[in-house]
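Right, I'll just put the structure down here and ask away after.
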Amino acid sequence: AAKEKEKTLAMIKPDGLSGNYTEKIKKVILESGFDIIWEMIVQLDAENVTLFYAEHSKKSFFPGLIEYMTSGPVLIMVLEKPNAISDWRALIGPTDSRKAKVSHPNSIRAMCGLDSARNCVHGSDSPPSAAREISFFFGDILPGFVKHDEL
Ligand code: DGI
């Protein structure tokens, strides 16, 4: 039987969106067999980022993470295919884009990221994270995102 489809949350972070990487990234997504089933552009605020990255809230890089993630709009997508979660993580490459450029030169972070902070894309790292992050953005109770009309 065909393997069951799985959903994951993907995000093009502010530098990816402002650097005009969206079309290139979407091309990779579609050529890799994912369907983009939901998408929206939102402007995150500090509260949104604090909730989304709650596990990192005590880290030294957290203030910088908030500044980066609120520096402009982000594109949120739900991607679907069998093995979507691990396949999308493999496509984006390691967290540190400088390492990605060496060890995973074909990865998305190698293409558009700068370092371990500004790494241009996000992907859920496990089935529980995917479920949490999809409902975070596409659940019934939206935590007050500023949603942009244009895509
Ligand atoms: O799931 P990832 O985005 O690959 O990595 P993560 O969940 O460990 O970290 C979430 C984000 O936090 C990451 O995309 C960028 C930021 N971050 C993680 N580790 C570091 C970091 N930022 C800085 N400046 N330094 C880090 O070591």
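This one's a predicted model, so the numbers in the text were calculated from it and none came from an experiment. Order of appearance sets the numbers: ligands from 1, and atoms from 1 within every ligand.
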Report task. Not counting sequence neighbours, list each pair that qualifies as a disulfide bond (SG atoms under 2.5 Å apart) and has a residue in residues 12-121. Result -> Cys112-Cys120
Requested in this report: List in chain and number order the residues that pass ring pair (Phe, Tyr, Trp, His ring centres under 6.0 Å) with Phe62, two or more places apart in sequence or in another chain; answer none if no residue qualifies.
Outcome: none
Requested in this report: Return the minimal non-hydrogen interatomic distance between Val121 and Lys13, and the atom names on each side.
Outcome: O-CE, 3.4 Å
Query - SB check Lys27 Glu31 (cutoff 4.0 Å) - result: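 A salt bridge is present here (some side-chain N lies under 4.0 Å from a carboxylate O).
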Query raised in the report: With a 4.0 Å cut-off, would you call Lys81 and Glu4 a salt bridge?
Result: no
Query raised in the report: Near ligand 1, which residues have a heavy atom under 4.0 Å away from one of its atoms?
Result: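 Those residues closer than 4.0 Å to ligand 1 by some heavy atom are Lys13, Tyr53, His56, Phe61, Leu65, Arg89, Thr95, Arg109, Ser116, Ala117, Asn119.
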Query - Results of ring pair (Phe, Tyr, Trp, His ring centres under 6.0 Å) for His104 - residues two or more places apart only - result: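 Not a single residue meets the ring pair (Phe, Tyr, Trp, His ring centres under 6.0 Å) criterion with His104.
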